[in-house]
Structure formats: C-alpha cells, structure tokens
Amino acid sequence: MRGASCRQKGARGKSASRSCPLAISAPQDSVLDPSLFSLCTVLLVINGFREVDLQHHIEMFFHLRPIRRLCLEKILLPWLLHSRTLSGAEAVNALRPFYFAVHPDFFGQHPREREINENSLKKLSAYLENLQKPGFKSLKPTQLTFYVRETEQTSSDGHESLNVLGFRAVTLTLHSRDLLSTVLNILKSCSLSTKHIQSLSANVASEAPKGAKRTFDRPIKWDKTYYSFTGFKDPEEELEKVQRMETSLISDNVKYLKRSWLNSNEKSAIKKLTNSLPLREELNRLKEELSRQLLLADIRWQRSWGIAHRCSQLHSLGRLAQHNLEVLQNVKGCTVVFTDRSGMSASGHVMLGTMDVHHHWTKLFERLPSYFALQRKLVLLEDRISYLLGGIQVVYLEELQPALTIEEYYALLDGFCSRLLKSRLAFHPRSLRGLQMILDSDRYAPSLHELGHFNIPALCDPVSLQWFIFTKAAQARENMKKKEELKMIENELIHASIKKFSLKKLYKEPSISSAQMIDCLKRLLDQSLPYLQGMHVCISHFYSVMQDGDLCIPWNWKR
C-alpha cells in the first residue's frame, strides 16, 4: 500500500510537470492538485520570479505545510473569488443603456442603419458568449459599427450636432479578455455613462470574503516569447492589425497592398455589379413604363431593397394596373413610394406597403380623393402657422424627419397652431420671410440647425420660442447662405469625381452632410483610383460592398 501511494504521488508530480508550461515539477511528497500547482507557478511568474528561481520557491512552498494551507485558504481562494469581473446577467444589465441606444426596433425608418445594428449585435453577442466560456484562450479583435441614437439636443459647445438624422455612427474594436473591460469599452466608445457600473462592481467586490485583498489587479503583459512558445496570438499585434485596416482605403506601399480595402474588394464588387446589370436595365424599363402608363411624377423606395426586390414590387404594381386601371387613375401626378405601410405621407406621396396585398392597395387608391382634401387643409394650416410666426416657412424634410403619415403630420400641425393662437405672439408680418422651420415631435427645446432651418418642438413654450427665433434669425440666414454655397461646391466635386474616375454613379447617404462630402471628394480627387472605373460608389460611414455591387466608402477614409 505504501508503494502504491508513492507511485500515485509520483504520477501526480509528472502530471503537474506536463500542465506547467515552464516544465517545473512539484515535489514528490506533494498532494496538491496539479491544476492548483500550475496556478501557483503562474502566480509566481506574474509577480516577477525568474524561471531559474521558481523550482527553489515552489519546493519551499510545498514543504511548509502550515504556510501552504494558509496561502491556499486565506490568499488564493479569496483572490480567485474576488478576481472575477461580471457575470453574463450583470453584463447584460450593465449594457442596457447601450442596447436602448442601438436597438434595431428604433431604426424602423432607416433600414440600412437597422440592418447594420442587427448584424453588429449578433457579432457582439457571440463575442460576449465566448468571453464567458471556461478556459477560453485569446479572442481575435473584432471591429463593430453601430448607429447610436442621440439623446441630447445639443453638443457640449451649444451647437447642433453634425448628424442631422438623430443618430451617429460609432466604430469600436473589441479586444478585452474579460466582461467588465469589454462593457466599459462599449459604453465609453458610445459616450454613454458608466456610473451604474460602479454599483455592479461594488456588488461583485462584496462577494469576496472579508480581509481578502486584491494584489493582482494590475494588467498582465506577457513577454513576446510566451506567444512564440504557446502558439497563442499576441493581442497587441492583432489589435494593431485591426486598427490599420479600419479605414485603409488605398496604399502605395507594396508591403501593405493586401490591406488596401479597394484592392481586396474590387473583384467582389465587379462580380456583383456585373450580375446586377440585367436587373438594373429591367428596373429602369419597368419604372419608365409604369410612370408613363399611370402618369406618375416619380417612383421611389424608402428602404434600401436590392434591385431584384424592387423589380418584383414594380411587377406587382403592373399586374394591379392591368386589372384595375380605372381605380389607379386617381394616382395621376403623384409620387409613389414603396415602403413599410400603405397610406399618404406627410409630403403628399402615395405609400405602398410592401407587405400589403393588392386588395389593400386598391382600397388606398380608392381613398386618394379624401387624402387630397386633407392635403389641401394641411397646406392652409402651414400657411396659418407661417403667418403667426412672421412669415417663416413651415417645411417637411423627408431626409431629416421621421416618416409620418399625412394624418399624423396634420394632427401635429393642428396642435401647434392652437398653442400659437392661444399665446398671441407678436411677430412683425413677413419679418422672417426666407427662413424655414420644421416641426419636431421628439424635441423639447428649439434649436438652429447647421443647414439654416429651425427645429421647433411641437410642445415648446411659445414665449421662449419667440425669443429664440429673434436672437437666431441672423445666424439662420447665414447658415442658409452657407448651405447653398456648400451645395454648389458639392455638386461640382461630384461631377468632377464622376468624370475623373469614370464612375457610373456617385451618391451619398442622407446622414452625410455637404461638408463631409466635400472633404471626402477633395481627398479622393488627389488619388489615382483605377479600381473605381464603371462602379457605383456611395459615400457612407463605413466600408461595405452592397448586394448589387455598390461600393460604400466612409467619408473620413484614410490611406
């Protein structure tokens, strides 16, 4: 029995030696579990012991049984309990402000941004799940782009944010090895508060036994030889690679040619664009035929559906026209917009819900005369508000405001007009002619947009509104003048870029301002880009190749 016991102890020592990357064996009389032996070895390395001294310290540690028990029970175990960060449930709770700011359900009127947030949330969920797996090694740095809803009306300097759609694009790189650091990185990258993390951290700390002290809270930085020996990837090198590729549009250096985004995606974009050309021709043909047959002003799409999907929608409208052409005569002179719901928009466009069947479309076309009557009443209401506010023009800007139906917009204007009539504001007639305002149901304080129009909350105080308009009228006129100048420069640069690069099409996302577009195109024109010949290019906030071959380039691209 004594010999068997010794053989078991010897086997344990060999097992411990194999589990330790430094190949240091435990003493023969050790009864310590091999995993704990490896942990002790690692802790000694972390705290600065040289490899040549490890054997001596470990032997001394295992022969002093009382001290060994004290270390295991009073130091190692409390440290292990205390060193954990957040649980999965705590991480989800800590990220609630982030989820509220980027949840796709809040981007129903912006399908492209909704899709991007959906995809990024899937990648984030997988990353967080991997962090919680026991024994995970190193995670490859992951770059994510989110559109974050703005919750404040103005920036810290008092000026209106450059983003005119109520949200901004945020690109962040996940490279942390624990949940707490990852959560803090996400919240800070999105400019969200981290105060609620302190309470969570306090709860985590309270779980540790009294008297336990954290002595290992400094970050571990392994020597480069560690990664060579183990085969693990160096997170610093991986992070550096990701950061170099974040906005690397082109590169003159042959060494970094593979990191050029245009070079890497040229073949994919050309293939997709070539495959979509027959469908693009079919789309133009169907659009022209229906516009001519129904005498339409235009046909548009509110969402970024693919070419095949758009052709299918036009075929569906064409079949309806063949069987109910008489009913469709009511749509003469209108603009038809394919969107998520049927009705008439605040701009007076006929909206056809893509999820509705022909029966719903037919009912909509039959009700168009009543919509036209409501539209005339809406115009009179806008004129009434303009008169009460000194001649300022009330406008509805599709690219800057939520997609409202004509009924919703009329109710908004009617309530605002009633408040003005009760307040009896004293504006000099026609003193504000030439200026513009949009009515906003989400804001609580008036503001002046960089494009020159006033953002007026429907529920703002009329007296405060009057004072704000008086003090900002001159600045509004300057902004409008600057907007026109920037628009002229932008159009000139667009034509110059199309000509120089032989582009088939060049356009931008609505969230890109004229100033951003000008900055982007000026730098592009200084480059030689043979990759772009014959391509469809969209200036956006991120890199992407769309399903039909359109190239999305961020406006702030870098070499």
Side-chain angles (χ1 to χ4, degrees), residues 149-169 191 346-347 382-402 409 412-413 416-417 419-420 423-493 508-522 555-556:
R149 296 191 303 134
E150 295 284 6
T151 56
E152 297 181 357
Q153 305 305 315
T154 57
S155 59
S156 58
D157 59 0
H159 292 84
E160 184 68 9
S161 173
L162 288 178
N163 194 339
V164 298
L165 283 180
F167 53 81
R168 54 193 168 85
S191 302
S347 299
E382 288 179 336
D383 291 341
R384 181 65 174 168
I385 294 174
S386 177
Y387 176 78
L388 294 174
L389 293 180
I392 188 172
Q393 182 185 8
V394 182
V395 296
Y396 178 83
L397 304 178
E398 290 180 312
E399 64 274 16
L400 304 182
Q401 294 180 257
Y409 189 50
L412 191 67
L413 289 174
F416 181 69
C417 185
R419 293 172 62 85
L420 291 180
S423 63
R424 298 184 179 182
L425 298 179
F427 280 96
H428 190 279
R430 298 181 297 279
S431 60
L432 299 177
R433 289 186 64 180
L435 298 181
Q436 295 179 338
M437 62 160 280
I438 64 175
L439 200 59
D440 198 329
S441 59
D442 296 330
R443 294 177 180 268
Y444 295 95
S447 61
L448 176 63
H449 197 274
E450 62 172 357
L451 299 180
H453 62 266
F454 288 96
N455 291 314
I456 306 300
L459 300 178
C460 72
D461 177 54
V463 178
S464 301
L465 171 63
Q466 182 180 19
W467 176 252
F468 182 82
I469 292 179
F470 278 151
T471 57
K472 297 292 185 179
Q475 183 64 45
R477 296 187 187 278
E478 292 181 7
N479 288 3
M480 292 187 69
K481 182 179 179 181
K482 183 179 179 181
K483 178 188 71 173
E484 296 299 326
E485 295 174 352
L486 290 176
K487 195 64 181 178
M488 291 179 59
I489 298 175
E490 178 185 357
N491 291 334
E492 293 176 356
L493 291 175
K508 67 175 183 177
E509 288 188 346
S511 58
I512 301 297
S513 66
S514 294
Q516 292 171 334
M517 187 71 167
I518 291 172
D519 174 69
C520 174
L521 296 182
K522 280 184 176 180
W555 70 271
N556 58 341

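Just so it is clear, the values below take in all heavy atoms, side chains as well, and ignore hydrogens, waters and symmetry mates.
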- Note on the structure: Residues passing the side chain to side chain contact (heavy atoms under 4.5 Å, CB included) test with I489, sequence neighbours excluded, are L493, I518
- Item | Between NE2 on residue H449 and CE on residue M437, distance to nearest 0.5 Å | 14.5 Å
- Qualifying residues under side-chain hydrogen bond (donor to acceptor under 3.5 Å, both in side chains), relative to S431, sequence neighbours excluded: none
- Atom CD1 in I469, atom CD1 in I392: separation rounded to 0.5 Å? 5.0 Å
- Item | Minimum heavy-atom distance between G452 and N479, given as atom pair plus value | CA-CB, 3.5 Å
- Pick one: which of M480, Q393, H453 meets side-chain contact (heavy atoms from CB on, under 4.5 Å) with L435? M480
- Task: Go through the structure and list residues passing side-chain hydrogen bond (donor to acceptor under 3.5 Å, both in side chains) with E382, not counting sequence neighbours.
- Result: none
- Results of side chain to side chain contact (heavy atoms under 4.5 Å, CB included) for S386 - residues two or more places apart only: none
- Got a second to check how far I438's CD1 is from L397's CG, nearest 0.5 Å? 5.5 Å
- Residues passing the side chain to side chain contact (heavy atoms under 4.5 Å, CB included) test with D519, sequence neighbours excluded, are R523, W555
- L451 side, atom CG; Q436 side, atom CD - distance, nearest 0.5 Å: 10.0 Å
- Item | Contacts of E492 that satisfy side-chain hydrogen bond (donor to acceptor under 3.5 Å, both in side chains) - sequence neighbours left out | none
- Message: According to salt bridge (charged side-chain N to carboxylate O under 4.0 Å, His left out), does anything in residues 425-436 pair up with another residue at least two apart or in another chain? List the pairs.
- Response: none
- Message: Between Q475 (side chain only) and K472 (backbone N and O only), is there a donor and an acceptor less than 3.5 Å apart?
- Response: no
- Partner residues of F427 under the ring pair (Phe, Tyr, Trp, His ring centres under 6.0 Å) criterion, sequence neighbours left out: F470
- Query: From L389 CG over to F416 CZ, what is the distance, rounded to the nearest 0.5 angstrom?
  - Reply: 5.5 Å
- Query: Partners of Y409 by ring pair (Phe, Tyr, Trp, His ring centres under 6.0 Å), sequence neighbours excluded?
  - Reply: Y396
- Note on the structure: residues 476-490 vs salt bridge (charged side-chain N to carboxylate O under 4.0 Å, His left out), sequence neighbours excluded, gives K487-E490, E490-K508
- Item | Shortest non-hydrogen contact from C417 toward I385 | CB-CG1, 3.9 Å
- Any chance you could measure I456, atom CD1, to L465, atom CG, to the nearest 0.5 Å? 4.5 Å
- With sequence neighbours left out, what residues match Y387 under ring pair (Phe, Tyr, Trp, His ring centres under 6.0 Å)? none
- Whether over 12 other heavy atoms sit under 6.0 Å from R419 CZ: yes
- Shortest non-hydrogen separation from C460 to P446 and the atoms involved: CB-CD, 4.5 Å
